[in-house]
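What follows is one structure encoded as C-alpha cells, with my remarks underneath.
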Amino acid sequence: MDYRKLGPSGTIVTAYCLGTMTFGAEADEAASHRLLDDYFAWGGNFIDTADVYSAGKSEEIIGHWLKARPTEAKQAVIATKGRFPMGSGPNDIGLSRKHLHQALDDSLHRLGVEHIDLYQMHAWDALTPIEETLRFLDDAVSAGKISYYGFSNYVGWHIAKASEIAKARGYTRPVTLQPQYNLLMRDIELEIVAACQDASMGLLPWSPLGGGWLTGKYKRDEIPIGATRLGENPTRGGEAFEARNAQDRTWAIIGAVEDIARARGVSMAQVALAWTAARPAVTSVILGARNPEQLADNLSAASLVLSIEETARLDEVSAPTPGQYPYGEHGINQRHRKMEGGR
C-alpha cells in the first residue's frame, strides 16, 4: 500500500481508505469486522465513517473492533463526520456549536476512543455562521478531542471562505475535503479541486466506482436486477440508471475502462480506482466494498499504475463538458494570459 500525508498534516494514511457506510446496514457486525480484519491485513490504516451511517451503528461496530484489536487500533487513523440529523429536534442537525458538541461527544462514545483523528463536516450548513463552526472545531483541537478537521460535499466558495477565515482568525485550518469523484463525475475539477489546492487541502474521494457503474456490472438499456445497489433500487440518487443510461458519454467511459482492464488482465474496478488515486491533490480513495471478495479486488488497485497513454485515453473520454462560460474554453482563456503578452 502507498503511504500519503493526510492533506498538509504530518499524519500518514494509506492511499486507499476503508469506507464503512455499509456497516450495520448491508453488513452485520461479524461481516464488518471481517472487512476490517482483511483491510488491515492488506496494510491499510485509514477508516472512514459517520454518525449518520446506520444511525450510529457503523461507529459502534468500529468501536467494538478497535477494542478487540488493540494492536491494529494503535495504528488506525479514524475519520468520522457530523452534521446530518441524529434526532427529530431542530438542534439535532447542522453545524452549530450546540449540535456539534453533542455529535462529537456521541461519536467519541460510540467509537470508544478519547479522540478522533479527522472530524469532518458532512455538508455545508447555510443556517450556521461559518465562524461559529470553525471556532468550535478549533476548540475541539485544543481540547484534544480531534486532531484535524475537514469538510465533505462543500463547493469552491465554501472551501475558500472557510479556509481564509480560519487563517485570518488564527484557528486550526482544514486539511481535507471528501467529495464525490470518479470518471463519471469529474465536475469538481472545474473549481473545487483548485480551491482545495489553494488551501493546501487533500481530497478523499467517495464513490470512486460511480456506484458500481465503473465495475461493468450494468448493461446498456437493461434495467439492473439482483443484489446490487441499482438492482435493489434503479432510481437511487445520482447513480440512477435511467439518466446515466441515456448518456453516450457513460458508455464511452465504461468501454474505455473495459478495454484497458482486458488488456492489462485486471478488473474494471481496479482501473477506475487507479485513475482516481493518481489524480492531483488526492490523499486517499474511499472504498465501499460489500464483501471480502470486492475488498480484495479493490485493494489490488494499489499495485496498478496506469500508463501515460491509458491515463490520457481515460482523461479524454471522461472530460467534463461545461458550457463556454465560465468553466469552458472561453472562460478559461479569460483567466489566463501569455507570458509574452498580446492576445
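Every value quoted in this text rests on a predicted model; they were computed, and no experiment measured them.
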Minimum side-chain heavy-atom gap Asp48-Tyr53 below 4.5 Å: yes
Taking 4.0 angstrom as the limit, do Asp28 and Lys57 come out as a salt bridge? no
Under a 3.5 Å distance rule, please check whether Asp297 uses its side chain to pair with a backbone N or O of Glu293 as donor and acceptor. no
Side chain to side chain donor-acceptor pair (under 3.5 Å) between Tyr39 and Thr14, worked out: CA-CA 11 Å; Tyr39 172 71; Thr14 41; 3.1 Å; yes
Transitively linked via ILVMFWY side-chain contacts under 4.5 Å: Trp251 with Ile260? yes
Please report the closest heavy-atom contact between Asp125 and Ser96, naming both atoms and the distance. OD2-N, 4.1 Å
Are the side chain of Asn245 and the backbone of Asp221 linked by a donor-acceptor contact shorter than 3.5 Å? yes
Between Asp138 and Arg169, is there a salt bridge with N-O shorter than 4.0 Å? no
Go through the structure and list residues passing side-chain contact (heavy atoms from CB on, under 4.5 Å) with Asp106, not counting sequence neighbours. Gln102, Arg110
CZ of Arg220: more than 12 outside heavy atoms within 6.0 angstrom? yes
Taking Phe136 as the fixed residue, which of Glu131, His101, His99 is the one that meets the side chain to side chain contact (heavy atoms under 4.5 Å, CB included) rule? His101
With side chain to side chain contact (heavy atoms under 4.5 Å, CB included) as the criterion, how do Leu306 and Leu314 come out once you've worked through the C-alpha distance, each side chain's angles and the decisive distance to 0.1 Å? CA-CA 10 Å; Leu306 299 176; Leu314 292 172; 3.8 Å; yes
Kindly indicate whether the side chain of Met121, heavy atoms from C-beta on, has any atom under 4.5 Å from the side chain of Leu134. no
Given 3.5 Å as the limit, does a donor-acceptor pair link the side chain of Arg4 with the main chain of Val282, or not? yes
Over all atoms of both residues, closest heavy-atom pair of Glu72 and Phe40: O-CE2, 3.8 Å
Quick one: do Thr11 and Ser147 satisfy side chain to side chain contact (heavy atoms under 4.5 Å, CB included)? Show the steps, please. CA-CA 9 Å; Thr11 292; Ser147 296; 5.9 Å; no
Check the orientation of His158 and Tyr154. Use parallel for under 30°, tilted for 30 to 60°, and perpendicular for over 60°. perpendicular
For Thr49 and Glu59, what are the C-alpha separation, side-chain angles and deciding distance, and is it a side chain to side chain donor-acceptor pair (under 3.5 Å)? CA-CA 7 Å; Thr49 187; Glu59 290 182 325; 5.2 Å; no
List the steps, then state whether side chain to side chain contact (heavy atoms under 4.5 Å, CB included) holds for Thr80 with Tyr119. CA-CA 5 Å; Thr80 192; Tyr119 193 49; 3.8 Å; yes
How close do Leu190 and Pro322 get, heavy atom to heavy atom, and via which atoms? CD2-CG, 4.0 Å
Working for side chain to side chain donor-acceptor pair (under 3.5 Å), residues Ser58 and Thr20: CA-CA 7 Å; Ser58 175; Thr20 63; 3.1 Å; yes
Close side-chain approach of Ile253 and Leu184, heavy atoms under 4.5 Å: yes
Answer yes or no: does atom CD of Glu242 have more than 12 heavy-atom neighbours from other residues, nucleotides or ligands under 6.0 Å? no
Atom CZ of Arg335: over 12 foreign heavy atoms under 6.0 Å: yes
Pair Trp65 + Phe23: ring centers closer than 6.0 Å: no
A quick test of your reading: do over 12 heavy atoms of other residues, nucleotides or ligands sit less than 6.0 Å from CZ of Arg97? yes
Side chains of residues 199-211: which donor-acceptor pairs under 3.5 Å do they make with residues two or more places apart or in other chains?
residue, atom, partner, partner atom, Å
Trp206, NE1, Asn153, OD1, 3.2
Ser207, OG, Gly211, N, 3.3

Side chain to side chain contact (heavy atoms under 4.5 Å, CB included) evaluation trace for Asp315 with Arg279: CA-CA 10 Å; Asp315 287 352; Arg279 301 306 291 173; 3.0 Å; yes
